[in-house]
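Computed over heavy atoms, backbone and side chain alike; hydrogens, waters and symmetry mates excluded. Numbers restart at 1 for each chain; the letters A, B, ... are given by sequence-line order, proteins then strands.
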Amino acid sequence: MKLRRSFFARSVHDVAPELVGATLLVDGVGGKIVEVEAYDHEDPAAHSFHGPTARNASMFGPPGHAYVYFVYGMHWCMNVVTQAEGTASAVLLRGLEPVKNVVGRTQGPALLCRAMGIDGRLNGRDLVGDTFFLAAPSGEEELRIVRRPRIGVDYAGRHWARRLLRFYVHGNPFVSRL
DNA sequence: CTCCGGATTCGT
DNA sequence: CGAATCCGGAGT
């Protein structure tokens, strides 16, 4: 079942864990999301924390759209925008299990984007579409979800750095790190 | 306008 | 642990 707008128009804390197990399709390339991180609109680690800019504009846009950003001068990372338009929270995709036409490694936010052919062209694109969308988990398989602190956000301060905002499938080999 | 450093990855 | 390599955001 394709995920609808209403799925994304909720708190990022509800959406993030539910995205684990969902399948992402990008122009014929597909993979199952096995690791994500939640970025709350009040989180100092969120790119939206200091207000809207040209770079993070799509985070402030309507839910169910992609926020794709360029980092370290060489990598693309993709987020799924959640909550109401104007409330900039998003879910970073960090690990993906190849399902269809995926070439290369998918462990880590940047490798995932490279393997799926995701780059700046998809920034701001609607994820509730025909060739670009997310599908809910089958429901048949049992998913043991692990909650852990996020990767690389120590600068956000103890409180936010320690929060369990990283979610992944227990034991899945496509999770970026243990 | 300059400067710092990052939601990373890879090689040493 | 440092390099690669770009640009947003904060400070001067």
Practice item. Could you tell me from which nucleotide to which nucleotide of DNA chain B, 5' to 3', there is an atom under 4.0 Å from chain A heavy atoms? Key: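 Terminal contacting nucleotides, 5' to 3': B:dG6 to B:dC10.
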Check your understanding: Side-chain N or O of A:His50 less than 4.0 angstrom from OP1 or OP2 on C:dA10?
Key ->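 For C:dA10, OP1/OP2 do have a side-chain N/O of A:His50 under 4.0 Å.
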Check your understanding: A:Arg55 has an atom CZ; how far is it from atom P of C:dG9, in whole Å?
Key ->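 Going from A:Arg55 (CZ) to C:dG9 (P), I get 7 Å.
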Point to revise | Rounded distance in Å - NE2 (A:His75) to P (C:dA3) | key: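 Those two atoms, NE2 and P, are 16 Å apart.
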Practice item. Answer yes or no: does atom CZ of A:Arg10 have more than 12 heavy-atom neighbours from other residues, nucleotides or ligands under 6.0 Å? Key: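 Check passes, neighbour count above 12.
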**Study point:** Smallest separation among heavy atoms of A:Leu96 and A:Met116, with atom names
**Key:**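 Nearest pair, atom of A:Leu96 first, then A:Met116: CD2-SD, 3.4 Å.
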Practice item. Considering non-hydrogen atoms only, spot the tightest contact between A:Asn123 and A:Tyr67 and give its length. Key: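 Shortest heavy-atom contact: OD1-CA, 3.5 Å.
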For a quick check of understanding: with a heavy-atom distance under 4.0 Å over all strands, which category does [X] fall into, base, sugar-phosphate or nothing?
| X | value |
| --- | --- |
| A:Tyr72 | base |
| A:Ala45 | base |
| A:Arg177 | nothing |
| A:Arg150 | nothing |

Practice item. Determine the interplanar angle of the A:Trp76 and A:Phe70 rings, folded into 0 to 90°, and report it as parallel if under 30°, tilted if 30 to 60°, perpendicular if over 60°. Key: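 Because their plane-to-plane angle lies in the 30° to 60° range, the rings of A:Trp76 and A:Phe70 count as tilted.
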Review point. Mind checking who C:dT5 pairs with, Watson-Crick or G-U wobble, both distances under 3.5 Å?
Key: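 Across all strands, not a single nucleotide pairs with C:dT5.
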Point to revise | Base-pairing mate for B:dA7 - Watson-Crick or G-U, with both contacts under 3.5 Å | key: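 Answer to the pairing question: none, since B:dA7 forms no Watson-Crick or G-U pair.
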Show the atom names and distances, to 0.1 Å, of all donor-acceptor pairs under 3.5 Å that link a side chain in residues 97-105 of chain A to residues at least two apart or in another chain.
| residue | atom | partner | partner atom | Å |
| --- | --- | --- | --- | --- |
| A:Glu97 | OE1 | A:Asn172 | ND2 | 2.8 |
| A:Asn101 | ND2 | A:Gly28 | O | 2.9 |

Review point. Taking atom types as modelled and ignoring hydrogens, do the side chains of A:Ser89 and A:Asp40 form a donor-acceptor contact shorter than 3.5 angstrom?
Key: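 The answer is no; no qualifying pair exists.
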**Study point:** Pairwise P distance, C:dT5 and B:dT2 [rounded to whole Å]
**Key:**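 Comparing P positions in B:dT2 and C:dT5 gives a spacing of 22 Å.
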